[in-house]
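As structure tokens, the structure follows; a few thoughts come after it.
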Amino acid sequence: MRLRTSTPRPAQVRRAVRRVLDDPTYARASRRLGERITASPGTVGVVDVVEATAAAADPALAPGRAPAPAPRTV
């Protein structure tokens with residue numbers, strides 16, 4: 001709920017809170033967000049996804065593989 005002010009008056013906050021509590025759209029959106037959070041892999045799972053994506057793009061980037069040494073310039 002955006003109040004469009006950095007210094008809302010108590011009445012504005014009261015109306016906003018009442019709207020969020022009374023409007024079932026907010027409850028549905030909150031429930032969907034909670035389901036997505038519950039189903040997410042968390043921070044550890046994100047590392048797995050990034051590593052798998054990198055390995056799919058370049059097998060040399062697969063976890064457990066030592067990176068190739070950087071080319072030397074003379």
Side-chain angles (χ1 to χ4, degrees):
M1 171 67 56
R2 185 170 175 202
L3 299 179
R4 302 180 198 275
T5 179
S6 60
T7 54
R9 292 186 307 269
Q12 289 173 293
V13 174
R14 185 174 31 259
R15 281 192 302 271
V17 168
R18 192 76 265 156
R19 181 174 174 198
V20 168
L21 293 175
D22 292 344
D23 186 342
T25 303
Y26 288 98
R28 284 192 299 272
S30 177
R31 206 170 14 262
R32 283 193 310 272
L33 180 58
E35 289 167 358
R36 291 184 73 180
I37 290 170
T38 299
S40 75
T43 54
V44 173
V46 169
V47 171
D48 294 339
V49 170
V50 170
E51 287 177 346
T53 302
D58 182 350
L61 298 175
R65 300 237 359 219
R72 294 180 59 172
T73 56
V74 211

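One finds the CZ atom of R15 at 7.0 Å from the CZ atom of R9 (value rounded to the nearest 0.5 Å). The distance from atom CZ of R28 to atom OG1 of T25, rounded to the nearest 0.5 Å, is 4.5 Å.
In the hydrophobic cluster analysis, where Ile, Leu, Val, Met, Phe, Trp and Tyr join through side-chain heavy atoms closer than 4.5 angstrom, I37 is grouped apart from Y26. A chain of hydrophobic side-chain contacts below 4.5 Å, direct or via other Ile, Leu, Val, Met, Phe, Trp or Tyr residues, connects L21 to M1.
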Any chance you could lay out the side chain to side chain contact (heavy atoms under 4.5 Å, CB included) test for T38 and E35, step after step, and finish with the verdict?
CA-CA 5 Å; T38 299; E35 289 167 358; 5.7 Å; no
Please lay out, stage by stage, how V47 and T43 fare under the test side chain to side chain contact (heavy atoms under 4.5 Å, CB included).
CA-CA 7 Å; V47 171; T43 54; over 6 Å; no
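Looking only at distances, no side-chain donor or acceptor of S30 sits under 3.5 Å from a matching main-chain atom of A27.
Clustering of Ile, Leu, Val, Met, Phe, Trp and Tyr by side-chain heavy atoms under 4.5 Å joins V49 with none of the others.
The minimum heavy-atom distance linking P41 with V46 is given by the pair CG-N, 4.2 Å.
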